[in-house]
Number of protein chains: 2
Amino acid sequence: MSNKKSAGNLNTALVILEKSIPLFAQSGYAGVSMRDISKVVGTSGAALYHHYPDKQGLYLAAMEHAFSDMALSIQSTLDIKGTPEERLVHFTTNFTDQMARSPELRILLQRELLDGDDERLKLLANLVFVKPFKVIKELARELGLDCDAHLLAISMAGLILFHFETESIRRYLPGGLKKHNDPKVIGKHVAKLLTGMLGK
Amino acid sequence: MSNKKSAGNLNTALVILEKSIPLFAQSGYAGVSMRDISKVVGTSGAALYHHYPDKQGLYLAAMEHAFSDMALSIQSTLDIKGTPEERLVHFTTNFTDQMARSPELRILLQRELLDGDDERLKLLANLVFVKPFKVIKELARELGLDCDAHLLAISMAGLILFHFETESIRRYLPGGLKKHNDPKVIGKHVAKLLTGMLGK
DNA sequence: ATTCTCTTACTTAACGTCCGTTAAGGTGGG
DNA sequence: CCCACCTTAACGGACGTTAAGTAAGAGAAT
């Protein structure tokens, strides 16, 4: 845990991160001003510069903080014993639950996929996704599917995440019901699709 | 074609839209200034206000222009005869191709899903997605799948789009290869997954 | 054919506001 | 005393937007 950067009170520095994360999730980097952040934190704008070098530095620290949470929570969906089929269903339902429970992190992820530079994306990949990705690829192999493990792992994540990504527009599409936003319904649907593929 | 709003030269008004679309795709609404737009169009900043009432109005017009293109191109992936299986593969491969061919529209879609207000999302749904969505739901029914047609249609789109959404980060994930960004490879992979589900 | 007028399509210059950032100073515990 | 932690006030610049003026062309009147 290298804390070379934070010069000030660790507590305030943390509060700044945790209060700014919802703002960045809602409005994106360019849509949030340092004054907006200082308002929700309850300090002056200048105080932010006591803890972080500039807006970019604050944003980067906020992303690291947010995504280190995400890494832990994703990891927990994969620490389980059982047959490959059981582990597949366990991952699907738990991952769906967690994405439903923390929409902020999901939205930050989407924003980073759109706007993140190479450095930030590399960090995000290593911090959050490389380990789970390896586990899922291994799982795919054990399931005996003959398609590319990388593509399959992406497909599994996409099946789940896309339902949440489209939550805002699905209510205007034919057949869109409230139950389609229920993580239980989504999780079951995805698990069914995936196990259906195995049955072949 | 109601052109109540455009008071000025239609040609310049169109050029403004078409030059501003790539900017909005790359940097988002808040990340693009009216001066940025005027620079790429080659006019003064004030000229933009001769054709559009304000930044929001220009943005809305740009989205309508961009997405009306998208509606046509998606429609074309569904105007085909054949068995349900043939139509499924045709849609999958063609939709994949088109998303690969126009990354700008794809990115604008992602941004609207993140930031679009209810009004814009409703417009986007009706303009682009309602008709294809109905066709895909009908296709799902013909294929005799016993799961919710709405969820299945979303899943199909998600399987394809998520590969593109993660293009920027997949190169940092294990097993990420250049070929995984090839629309032919992605299209084949998705078609295989989907027809695999039917085989059951 | 020339002049006059009116409209369209723009220009330059500026407005007030908000932005990221910093300078200068205060305050309270070691 | 000093240093971490915070304040108020301000800087220069970029922002969205507007006011005022100009160049060009179309149409009618002389």
Side-chain angles (χ1 to χ4, degrees), chain A residues 1-63 65 111 115-117 119-120, chain B residues 1-63 65 111 115-117 119-120:
Chain A
M1 321 281 177
S2 64
N3 272 337
K4 288 171 290 185
K5 50 190 65 168
S6 76
N9 183 320
L10 283 179
N11 202 356
T12 303
L14 239 177
V15 170
I16 291 171
L17 294 190
E18 290 177 348
K19 299 262 189 185
S20 66
I21 283 171
L23 294 186
F24 284 127
Q26 182 155 75
S27 307
Y29 180 81
V32 175
S33 74
M34 294 300 265
R35 283 168 177 84
D36 291 336
I37 295 171
S38 73
K39 243 167 257 167
V40 303
V41 173
T43 63
S44 70
L48 304 176
Y49 290 86
H50 184 72
H51 298 279
Y52 300 98
D54 53 21
K55 189 186 176 186
Q56 288 245 28
L58 197 165
Y59 180 75
L60 189 63
M63 292 305 105
H65 183 69
R111 291 202 186 278
D115 296 323
D117 56 34
E119 199 190 346
R120 292 212 307 271
Chain B
M1 317 284 177
S2 64
N3 272 336
K4 289 172 289 184
K5 51 190 64 170
S6 77
N9 183 321
L10 284 180
N11 201 358
T12 304
L14 239 176
V15 170
I16 292 171
L17 294 189
E18 288 176 349
K19 299 262 189 185
S20 66
I21 284 170
L23 294 186
F24 285 127
Q26 182 155 77
S27 307
Y29 179 81
V32 176
S33 74
M34 294 300 265
R35 283 167 178 86
D36 290 336
I37 295 170
S38 73
K39 243 166 257 167
V40 304
V41 173
T43 64
S44 70
L48 304 176
Y49 290 86
H50 183 72
H51 298 279
Y52 301 98
D54 52 21
K55 190 186 177 186
Q56 288 245 29
L58 197 166
Y59 180 75
L60 190 63
M63 292 306 105
H65 183 70
R111 291 201 185 278
D115 297 322
D117 56 33
E119 198 190 346
R120 292 213 306 272

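The sequence lines fix the lettering, A, B, ..., with proteins before strands; numbering per chain opens at 1.
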Whole-Å distance, B/Leu48 CG to D/dC15 P, equals 13 Å
Backbone of A/Val32 reached by a side-chain donor or acceptor of A/Lys55 within 3.5 Å
yes
In terms of side-chain heavy atoms of A/Thr12, which of D/dC6, C/dC10, C/dT12 is nearest?
D/dC6
Can you check each nucleotide of nucleotides 18-23 of chain C against protein heavy atoms at under 4.0 Å and return B for base, S for sugar-phosphate only, - for none, in 5' to 3' order?
-BBBBB
Should B/Ile37 and B/Lys19 count as side-chain neighbours, where that means a heavy-atom distance under 4.5 Å?
no
At under 4.0 Å, does any side-chain N or O of B/His51 touch on OP1 or OP2 of C/dT8?
no
Measure across B/Tyr52 and B/Leu14 and return the closest heavy-atom pair with its distance rounded to 0.1 Å.
OH-N, 4.4 Å
Parallel, tilted or perpendicular: which fits the ring planes of A/Tyr29 and A/Phe24, with parallel below 30° and perpendicular above 60°?
parallel
A side-chain contact here means heavy atoms from C-beta on lying under 4.5 Å apart; do B/Asp115 and A/Arg111 qualify?
yes
How would you list, by chain and number, every residue that makes a side chain to side chain donor-acceptor pair (under 3.5 Å) with B/Ser33, sequence neighbours excluded?
B/Asp36
Check whether any side-chain N or O of B/His50 sits under 4.0 Å from OP1 or OP2 of C/dA9, and answer yes or no.
yes
